[in-house]
Amino acid sequence: MSQRIVITGVGLTSPIGNDLPTLRQNLLDGTGGVGVMTPRYMEEWPAGICDFPVNRHQSKKDARRGTRAGQIAIYCGREALANAGLDLESLDRSRVGVFVGTTEHGNVETENEVANIKEYGYDVKYWSHHHNPRSIANNPAGELCLNAKITGPHCCVGAACAAGNYGIIYGAQQLILGEVDLAIGGGVSEAIHTFGIFASFLAQNALAPVNGDAKKASRPFDTTRHGIVIAEGGCLYTLERLEDAKQRGATILAELLGWAVNTDATDFVLPNPERQAQAMALALDRAGLKPDDIDIISAHATSTPEGDPKEIEAIRAVFGSDSRVYVNAAKGYYGHAMGAAGALELAGNLPSFDDGFVHPSINIDSLDSACAMPGLVVNQAAKADRPVRRILNNSFGMLGINAVTIVGKYEE
């Protein structure tokens with residue numbers, strides 16, 4: 001890349017923590033946070049549910065007027081700015097951009113309105129006049145801009161479950177192009193509030209049941225994995241050009257070394273390991289790295305029978321079946337946070353640059369041999385046998401979209 005892009009702040013909410021230190025400790029301890037909920041028209045299902053202080057950064061009135069995804073974006077964006085030591089009052093808000101990855105936005109709002117007017121004989125005069133701004137595709141990013149009075153560009157990047165990574169990539173690209181001087185990028189999800197996602201995954205036979213203990217419902221790489229646990233959440237980063245971050249004396253959490261986005265073009269739902277491997281290889285090439293230069297691979301690992309072994313097949317194709325690269329996955333802790341997944345999963349691994357530990361994949365009682373890798377970290381955190389300097393983060397989504405980011409420990 002012609003310009004170096006760095007991460008200077010992170011704000012997040014997840015079912016296992018509302019800040020990076022808490023998230024990280026739970027990941028190292030193997031403490032999951034999947035609960036249960038009853039979606040509209042359905043029975044009880046496991047779900048990853050967030051509990052964050054909604055009104056820390058917005059009024060009760062604004063929270064009611066907006067959306068759950070907007071609440072998450074506002075919380076994460078404001079927390080990222082604070083974590084980066086950035087004061088909006090001292091910034092040129094017209095040079096700040098907001099780029100939020102999303103998967104399902106708009107479903108929740110429409111489902112709620114249809115359910116509401118059903119109680120009134122489907123009389124549309126009871127349809128909320130807030131529906132349009134709530135359901136438009138740019139809502140979460142737009143709500144954050146409205147809240148923070150950011151007047152630069154904003155958009156939501158619709159990229160299925162690769163959206164969290166793509167939001168980071170898009171923000172970096174805007175910095176390189178000179179469109180903004182500060183980018184807020186990542187992803188958010190309000191997925192658990194739409195019954196349609198639950199119903200559709202159930203119809204695909206890809207939804208994990210409670211089976212006694214909801215915390216163990218999401219089981220990436222395990223032989224008994226049943227499918228996805230749907231979660232809400234969010235993670236947004238402040239991204240800056242290196243020279244700008246250094247000039248203001250910012251603490252640099254990581255450097256964005258490379259990325260790649262491609263498309264399977266083979267199936268609506270089923271993954272294509274050849275294209276996934278191509279995305280990883282392209283990201284490595286753009287970063288000027290070799291497979292041996294990567295210390296941790298953060299796997300997408302949805303806990304589905306098809307998805308997990310296909311991803312491991314792709315990893316083996318790039319890194320070799322005997323590679324000692326550490327591999328972990330976070331979805332066993334809190335489920336699949338859809339548009340937020342990639343950004344959250346990257347955040348959980350960033351502290352490895354400093355503490356040297358690799359958090360495990362949990363709920364693996366019987367490892368599927370098709371998912372085995374020498375460096376897969378199972379159930380207990382591992383102390384890396386070398387300094388952790390580079391992390392590759394995978395995110396893959398429906399309609400065959402693949403997004404890979406590579407971040408490194410900042411070095412002069």
Side-chain angles (χ1 to χ4, degrees), residues 1-13 19-20 56-58 69-70 72-102 138-157 159 163-188 234-259 339-340 342-344 346-347 350 393 403 405-408 410 412:
M1 293 186 296
S2 59
Q3 296 187 65
R4 297 173 70 179
I5 305 300
V6 294
I7 295 171
T8 56
V10 57
L12 63 86
T13 180
D19 54 66
L20 184 52
R56 178 179 293 178
H57 301 295
Q58 65 178 152
I72 293 170
I74 289 166
Y75 177 82
C76 293
R78 286 285 200 169
E79 291 294 298
L81 289 164
N83 182 246
L86 287 162
D87 179 9
L88 279 170
E89 296 303 320
S90 64
L91 296 176
D92 179 353
R93 286 178 167 91
S94 71
R95 298 291 299 167
V96 179
V98 176
F99 312 104
V100 179
T102 59
N138 61 312
N139 171 277
E143 282 204 47
L144 172 55
C145 286
L146 187 62
N147 173 274
K149 306 304 179 189
I150 292 170
T151 59
H154 83 266
C155 70
C156 285
V157 184
N165 257 355
Y166 214 152
I168 298 168
I169 294 167
Y170 198 92
Q173 291 171 334
Q174 294 297 294
L175 285 164
I176 291 170
L177 288 171
E179 296 293 324
V180 296
D181 295 326
L182 172 68
I184 300 173
V188 304
C235 182
L236 296 176
Y237 298 91
T238 53
L239 305 169
E240 301 179 64
R241 290 182 285 266
L242 174 60
E243 59 268 28
D244 295 336
K246 289 175 68 175
Q247 185 174 11
R248 71 178 187 86
T251 298
I252 296 173
L253 304 179
E255 181 175 357
L256 189 57
L257 301 176
W259 60 73
L344 268 175
L346 176 62
L350 289 182
N393 189 48
T405 52
I406 299 175
V407 299
Y410 170 64
E412 289 284 355

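Quick caveat, the model's predicted, so the values are computed rather than measured. Worth knowing before you read on, the calculation uses all heavy atoms, side chains too, and leaves out hydrogens, waters and symmetry mates.
- When all heavy atoms are compared, the tightest approach of Ala84 to Thr238 is CB-OG1, 3.3 Å.
- Evaluation of the salt bridge (Lys or Arg N to Asp or Glu O under 4.0 Å) test over residues 72-81, restricted to residues two or more places apart or in two chains, returns Arg56-Glu79.
- For the pair Asp87 and Leu91, the minimum side-chain heavy-atom distance is 4.5 Å or more.
- Scored by the salt bridge (Lys or Arg N to Asp or Glu O under 4.0 Å) test, Asp244 finds Arg241 as partners (sequence neighbours excluded).
- In this structure Asn83 satisfies the side chain to side chain donor-acceptor pair (under 3.5 Å) test with no other residue, sequence neighbours excluded.
- Using modelled atom types, no side-chain atom of Asn393 and backbone atom of Ala343 make a donor-acceptor pair closer than 3.5 Å.
- A distance of 11.0 Å separates CG in Leu144 from CG in Asn139, rounded to the nearest 0.5 Å.
- Looking only at distances, a side-chain donor or acceptor of Arg95 sits under 3.5 Å from a matching main-chain atom of Glu179.
- Arg93 pairs by the side chain to side chain contact (heavy atoms under 4.5 Å, CB included) definition with Leu88, Glu89, Lys149, Thr151, not counting sequence neighbours.
- Rounding to the nearest 0.5 angstrom, the gap separating the CG atom in Asn165 from the CH2 atom in Trp259 is 11.5 Å.
- Annotation: side chain to side chain contact (heavy atoms under 4.5 Å, CB included) contacts of Ala141 (sequence neighbours excluded): Val98, Val100, His154, Cys156.
- Here salt bridge (Lys or Arg N to Asp or Glu O under 4.0 Å) pairs that include residues 245-254, with residues two or more places apart or in two chains, are Glu240-Arg248, Lys246-Glu412.
- The two residues Phe99 and Gly171 come nearest to each other via the heavy atoms CD1-CA, 3.6 Å.
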Exercise for the section: Determine, stepwise, if the pair Val180 / Val96 fulfils side chain to side chain contact (heavy atoms under 4.5 Å, CB included). Expected result: CA-CA 6 Å; Val180 296; Val96 179; over 6 Å; no
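- Looking at residues two or more places apart in sequence or on another chain, you find a side chain to side chain contact (heavy atoms under 4.5 Å, CB included) between Cys76 and Thr13, Ile72, Leu236.
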Exercise for the section: Would you please test Leu346 and Ile168 for side chain to side chain contact (heavy atoms under 4.5 Å, CB included) and show each step? Expected result: CA-CA 11 Å; Leu346 176 62; Ile168 298 168; 4.0 Å; yes
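- With rounding to the nearest 0.5 Å, the separation of CD1 in Ile184 from CG in Leu81 is 4.0 Å.
- Residues Ile169 and Ala403 come closest through the heavy atom pair CD1-CB, 4.4 Å.
- A distance of 11.0 Å separates CG of Asp92 from CG of Leu182, quoted to the nearest 0.5 Å.
- Shown here for Gly187 and Ala340, the closest heavy-atom pair between the two residues is O-CB, 3.5 Å.
- Between the side chain of Tyr237 and the backbone N or O of Ala347, at least one donor-acceptor pair lies under 3.5 Å.
- In this structure, Gln247 CD and Leu242 CG are separated by 11.5 Å, a value rounded to the nearest 0.5 Å.
- Using a 4.5 Å heavy-atom cutoff, the side chains of Leu239 and Val6 are not in contact.
- Remark: side-chain polar atoms of Glu255 are not paired, donor with acceptor, to backbone N or O of Tyr410 under 3.5 angstrom.
- Annotation: the span from Ile5 atom CD1 to Leu175 atom CG amounts to 4.5 Å, rounded to 0.5 Å.
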